[in-house]
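All remarks here apply to the structure that follows.
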Amino acid sequence: MHCFCTGFLYLCSGLIQNVMAKNLLNKYVWLVETIYKAKKITFEEINEKWLDNDMSENKPLPLRTFHKWKDAIGEMFGLIIENEKGGHYYYYIQNADDLEDESSLRSWLFRTLSVSNMMLDSVCIKDKILLEEVHDGREYLPVILESLKKNIVLEMTYQSYWRDEANTFEIEPYCLKAFKQRWYLVGRSPYYDKIMIYALDRVHQLDLTDHSFEYPKDFKAENYFDDCFGIIADQNCDVETVKLKVSAGQANYLRSLTLHQTQKEIERTDEYSIFTVKLRPTFDFQQEILSMGSDIEVLSPKWFREDTAERVKAMWNKYKEG
């Protein structure tokens, strides 16, 4: 009986700690968002907004608690909340640019937490929120993260789209990349002695081995995909400036959601715009272009225009008989 009671109390304690940790995390996210949106804000103004929030339970935020949260946010998210000492103490996020850089892990994590918190607070309208399906492979993330932290070789059972059977082999993990609702593992294959990319939804089994590897000092994950549109990093495809003619309506879409960080709008009229991007014009980039149909036209380079035209022609041949 004593063991049962002890176990039950331990379980309850763990649940309470989890709830408290979640509530505290919600408060951290709220504080960052409040200061970020305001740009600069006094503690008094923060407290006014705090009292308008259900989390406050109509109790003001003590200054000491505010400073504890501020320090915790710095440790957890790497976000520095500073103040300007000029009459009033105006608080601001010193490195707010880190939140604005959508490609950074810190920004991605914070935005994910922020959205998660909003969803959790909106469970009562869950039937009015439609989410996009995320493909399998998430169950392997803990193993991969552990291997990335400690440079441990992984043993993977993998079946590509082009093979009838799965194969088991070792991989030295270099980085993870998310693209179009899928997770990908990038690493060196000792068998082929080159960097390979694996979709996690094609993995059958993934385990840590008992041996490590030396992570290459010259490999930078961001740099590896810098010239790529998505997940295909074909080093045999040269980096080129691609010129695109886009209809006025589609141009609005590209201005808000760019194809690549190098995108530039070099001409704009009432009927169309001309954009350029400097990247490797690989298959996944071409698929993105084709998905826009007649609203976009490849102008150059010539070989890429002709190859895209051939694919459009092949598509037309499938439909013209009907």
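Starting from 1, each residue takes its place in the sequence as its number.
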Do the side chains of Arg255 and Glu265 get close enough for a salt bridge, i.e. N-O under 4.0 angstrom?
yes

side-chain contact (heavy atoms from CB on, under 4.5 Å) assessment of Ile81 paired with Ile35:
CA-CA 9 Å; Ile81 298 175; Ile35 298 175; 3.8 Å; yes

When you compare the side chain of Val239 with that of Lys278, does any pair of heavy atoms fall below 4.5 Å?
yes

Under the side-chain hydrogen bond (donor to acceptor under 3.5 Å, both in side chains) criterion, do Gln261 and Asp226 qualify, and how do the steps go?
CA-CA 9 Å; Gln261 64 267 22; Asp226 199 38; 2.9 Å; yes

What distance separates Asp284 CG from Asp234 CG, expressed to the nearest 0.5 Å?
10.0 Å

Does any part of the side chain of Asp210, heavy atoms only, come nearer than 4.5 Å to the side chain of Ile152, both counted from C-beta?
no

Taking the six-membered ring of Tyr272 as reference, does the NZ or CZ atom of Lys245 fall below 6.0 Å from its centre and within a 45° cone about the axis?
yes

Determine whether a donor-acceptor pair (N or O, by modelled atom type, separation under 3.5 Å) exists between the side chain of Tyr92 and the backbone of Ala38.
no

Rounded to the nearest 0.5 angstrom, the CG-OG distance for Asp207 and Ser147 is 11.0 Å

Does any part of the side chain of Glu172, heavy atoms only, come nearer than 4.5 Å to the side chain of Glu214, both counted from C-beta?
no

Are Glu146 and Lys150 close enough for a salt bridge, meaning some N to O gap below 4.0 Å?
yes

Can you name the one residue among Trp69, Tyr36, Phe66 that meets ring pair (Phe, Tyr, Trp, His ring centres under 6.0 Å) with Tyr91?
Phe66

Would you say Gln286 and Thr308 are linked by a side-chain donor-acceptor pair, where the criterion is simply a distance under 3.5 Å?
yes

pair Glu170-Thr209: side-chain heavy atoms closer than 4.5 Å
yes

Just checking, is any N or O donor in the side chain of Asn47 or Glu45 under 3.5 Å from an acceptor N or O on the other one?
no

dist Cys237:SG -> Ile232:CD1 (nearest 0.5 Å) comes out at 9.5 Å

Tell me whether the guanidinium CZ or amine NZ of Arg202 lies under 6.0 angstrom from the six-membered ring centre of Tyr161 and within 45° of its axis.
yes

Should the heavy atoms of other residues, nucleotides or ligands under 6.0 Å from OH of Tyr253 be counted, would the total exceed 12?
no

Minimum side-chain heavy-atom gap Leu299-Val242 below 4.5 Å
no

As a test of understanding, state which of Val203, Leu200, Ile144, Asp201 forms a side-chain contact (heavy atoms from CB on, under 4.5 Å) with Trp183.
Leu200

Run the numbers on Phe285 and Leu279 for side-chain contact (heavy atoms from CB on, under 4.5 Å), then give the verdict.
CA-CA 9 Å; Phe285 176 65; Leu279 44 57; 4.0 Å; yes

Would you kindly check if the NZ (Lys) or CZ (Arg) of Lys220 is within the cone defined by 45 degrees around the ring axis of Tyr224 and under 6.0 Å from the six-membered ring centre?
no

Whether Lys177 engages the ring of Phe225 as a cation-pi pair (distance to the six-membered ring centre under 6.0 angstrom, angle to the ring normal within 45°) should be assessed.
yes

Measure the CG-CD distance between Leu63 and Glu44 for me, rounded to the nearest 0.5 Å.
9.0 Å

Looking at Glu297 and Lys243, is any side-chain nitrogen of the basic one under 4.0 Å from a carboxylate oxygen of the acidic one?
no

Pairwise side-chain contact, Ile73 with Met76, heavy-atom cut-off 4.5 Å (strictly under)
no

Under 6.0 Å between ring centres, would you say that holds for Phe43 and Tyr90?
no

Residue Phe219 excluded, over 12 heavy atoms near CZ under 6.0 Å:
yes

Test log, rule side-chain hydrogen bond (donor to acceptor under 3.5 Å, both in side chains), inputs Thr168 and Thr157
CA-CA 4 Å; Thr168 301; Thr157 301; 2.8 Å; yes

With a 4.0 Å cut-off on N to O distance, would you call Asp193 and Arg188 a salt bridge?
yes

Compare all side-chain heavy atoms of Leu185 with those of Pro173 and state whether any distance is below 4.5 angstrom.
yes

Taking side chain as C-beta onward, heavy atoms only, is Trp30 less than 4.5 Å from Met55?
yes

Rounding to 0.5 Å, atoms CD (Gln287) and NZ (Lys180) come to a distance of 10.0 Å

